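In what follows, every chain begins at residue 1, and chains take the letters A, B, ... in the order their sequences are listed. Values in this document were obtained by computation on a predicted structure and should not be read as measured data.
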Protein chains: 2
Amino acid sequence: MLIRTRTVSRPAIDGQLAALAGERVCCSEFTYRRGTEVFGEGEEAEYVYQIVSGAIRTYKLLCDGRRQINSFHLPGDLFGLENGAVHRFTAEAVVQTRVRITSRRHLLDSIEHEEEGRASLLTLVTRNLQHAENHMLLLGRKRSVEKVAAFLLEMDRRQDHPYVMSLPMSRRDIADYLGLTLETVSRALSTLRDDHMLRFDGQTQRKLVLLDRKGLAQLDA
Amino acid sequence: MLIRTRTVSRPAIDGQLAALAGERVCCSEFTYRRGTEVFGEGEEAEYVYQIVSGAIRTYKLLCDGRRQINSFHLPGDLFGLENGAVHRFTAEAVVQTRVRITSRRHLLDSIEHEEEGRASLLTLVTRNLQHAENHMLLLGRKRSVEKVAAFLLEMDRRQDHPYVMSLPMSRRDIADYLGLTLETVSRALSTLRDDHMLRFDGQTQRKLVLLDRKGLAQLDA
DNA sequence: CGCATCTTTGAGGCGAATCAATCTAAGTGG
DNA sequence: CCACTTAGATTGATTCGCCTCAAAGATGCG
């Protein structure tokens, strides 16, 4: 099912994978077309992934199809590493996405033998937990505009505050991340635009410029 | 500020604390009156706690007072162990609560020297993450009755399916856990009672009997 | 017993969802 | 290159679920 271009040479490893496993891990690379599933909820967690380019969404579904996106993963991010043997959610490519893949077993073995590797694994899980805790506050207690403002600031921060921010995900994805509908997200963005907090860049609606980060931060509550 | 009754002898350690630290950790015990703060968001994470009896809520606040409860901790549960040096939320006693306390440093030192201790720490953080992931789905995508049903099933499971379930927390606490108002929680409980999913036990509204766990599970979606 | 707190229930309002139409951008094929 | 198609985004009208406000009832503590 999973076609992979095996990289025989040991590629340069950067970011979190490096921190986790030093230089020992041999990686393959693979490109997923947009909308493709990387792994499904309940599947065996055989591989660990790091994004080279593109974006990944991880989510859970209710039986009637309602979807909650846990997180978006951007270039450099590690994902799919579970403590248990099974994935607790589904991962899909938001856009065409290039990932570096290594076997979970391989990575864990490397980690076992490195003092700092193990600490990094804990740090990684802790970071995910911290994000989840903040996101629970958002989902449970923030209003729609506050949610959207928080989302924009999160993306802005994670993309290192570029002048033009490029969102790889659709309004529906944003909505499912924030516990809203796509229409509400669209309305909130329009409101923020009318209030001169941001403006859309050029024709596309997925490139935008944050004009007032302070104002957005205040809205975020 | 924190009055503690130091236990000189090494008390019997059970549950997760034991799994984490073996028999090495020396604990004190302390009782918090209901509503008392155990530690605050941003405070230094000096101690680690395990509940002997009672219940603890951990939460975050927005600037205008809106509250999101991350989790309730029940007897046997460990809480307050951070990977970083600082607590990421506030912990308060829901009712009069007896806790076993040990220093974070002390516990971490013990863990350092035990292979399985370290694994347990990771397991603990992972369990918290898993709970958070499920709770995000609940907060973002479930309706009020589904939320309340899920809450009841969670408490039922964690109390080992007693015939009469005793809830230590108020309707407001439940509401702040589920991202609702206390009135909505009350209405949902009344609805479930009218639908013969549960009944209240005796006079008090905090003791209830689950009459149809299957029905509740179906509602939970 | 009396008072404060918690819970239930009702009435009405509001914010976000739903339903629906239009508009835009990006492909697709002639 | 342009008509045609399709997916995505915006905007409007309306509905609905939950919140807010309010009052009364129940519980528990001093």
(message) Within the 4.0 Å heavy-atom criterion, would you say A:G179 contacts the bases, only the backbone, or no part of the nucleic acid?
(response)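 If one applies the 4.0 Å heavy-atom cut-off, A:G179 turns out to touch the sugar-phosphate alone, with no base involved.
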(message) So which atom in B:P162 and which in B:Q159 form the shortest heavy-atom distance, rounded to 0.1 Å?
(response)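 Answer, listing the atom of B:P162 first, then B:Q159: CD-O, 3.3 Å.
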(message) Let's see if you get this right: which residues in residues 182-201 of chain B place a heavy atom under 4.0 Å from DNA chain C?
(response)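 Under 4.0 Å from DNA chain C: B:L182, B:E183, B:S186, B:R187, B:S190, B:R193, B:F200.
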(message) Expected output is a numbered-order residue list: members of residues 138-151 of chain A with a heavy atom under 4.0 Å from any atom of DNA chain C. What is it?
(response)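 Here the set is A:R143, A:S144.
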(message) Would you say the rings of B:F39 and B:Y49 are close, in the sense that their centroids are separated by under 6.0 Å?
(response)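 When the ring centroids of B:Y49 and B:F39 are compared, they turn out to be within the sub-6.0 Å range.
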(request) Kindly state whether the ring of A:Y59 and the ring of A:F89 have centres lying under 6.0 angstrom apart. (result)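 No, too far apart.
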(request) Produce a footprint string for nucleotides 25-30 of chain D: one letter per nucleotide, 5' end first; B if the base is under 4.0 Å from any protein heavy atom, S if only the sugar-phosphate is, - if neither. (result) --SS--
Please identify each residue that fulfils side-chain hydrogen bond (donor to acceptor under 3.5 Å, both in side chains) with [X], with sequence neighbours left out.
X      : value
A:E82  : A:H87, A:R88
B:E146 : A:R66
A:D212 : none
A:D156 : A:H161, A:R213

(message) Side chains of B:R100 and B:Q50 only: does a donor on one sit below 3.5 Å from an acceptor on the other?
(response)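 Yes.
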(request) Could you check if a side-chain atom of A:T58 sits within less than 4.5 angstrom of a side-chain atom of A:F72, using non-hydrogen atoms only? (result)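 Of all side-chain heavy-atom pairs linking A:F72 with A:T58, none is under 4.5 Å.
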(message) Taking the basic N atoms (NZ, or NE/NH1/NH2) and the acidic carboxylate oxygens, is any pair closer than 4.0 Å for A:D77 and A:R158?
(response)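 Yes, A:D77 and A:R158 are salt-bridged.
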(message) Does this structure show an ion pair linking A:R57 with A:D176, if we count only N-O contacts that are shorter than 4.0 Å?
(response)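 No, no charged N to carboxylate O under 4.0 Å.
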(request) Only pairs at least two apart or in different chains count here, so list each ring pair (Phe, Tyr, Trp, His ring centres under 6.0 Å) that has a residue in residues 128-148 of chain A. (result)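 Residue pairs with at least one partner in residues 128-148 of chain A: A:H131-A:H135, A:H135-A:Y177.
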Considering only distance and modelled atom types, tabulate donor-acceptor pairs under 3.5 Å from the side chains of residues 186-202 of chain B, sequence neighbours left out.
residue: B:S190; atom: OG; partner: B:S186; partner atom: O; Å: 3.1
residue: B:T191; atom: OG1; partner: B:R187; partner atom: O; Å: 2.9
residue: B:R199; atom: NH2; partner: B:Y163; partner atom: OH; Å: 3.1

(request) Identify the 5'-most and 3'-most nucleotides of DNA chain C with at least one atom closer than 4.0 Å to a non-hydrogen atom of chain A. (result)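 From 5' to 3', the first and last contacting nucleotides are C:dA16 to C:dA25.
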(request) Apply side-chain contact (heavy atoms from CB on, under 4.5 Å) to A:R98 and A:E29, showing your working. (result) CA-CA 7 Å; A:R98 186 154 194 79; A:E29 288 205 2; 2.8 Å; yes
(request) Could you tell me which residues satisfy salt bridge (Lys or Arg N to Asp or Glu O under 4.0 Å) with A:E183, sequence neighbours excluded, listed by chain and number? (result)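 Salt bridge (Lys or Arg N to Asp or Glu O under 4.0 Å) check on A:E183 returns nothing, list empty.
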(request) Give me the bend of the helix from C:dC1-D:dG30 to C:dG30-D:dC1, using the axes of the five pairs at each end, rounded to 10°. (result)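 Inter-axis angle at the ends, rounded: 40°.
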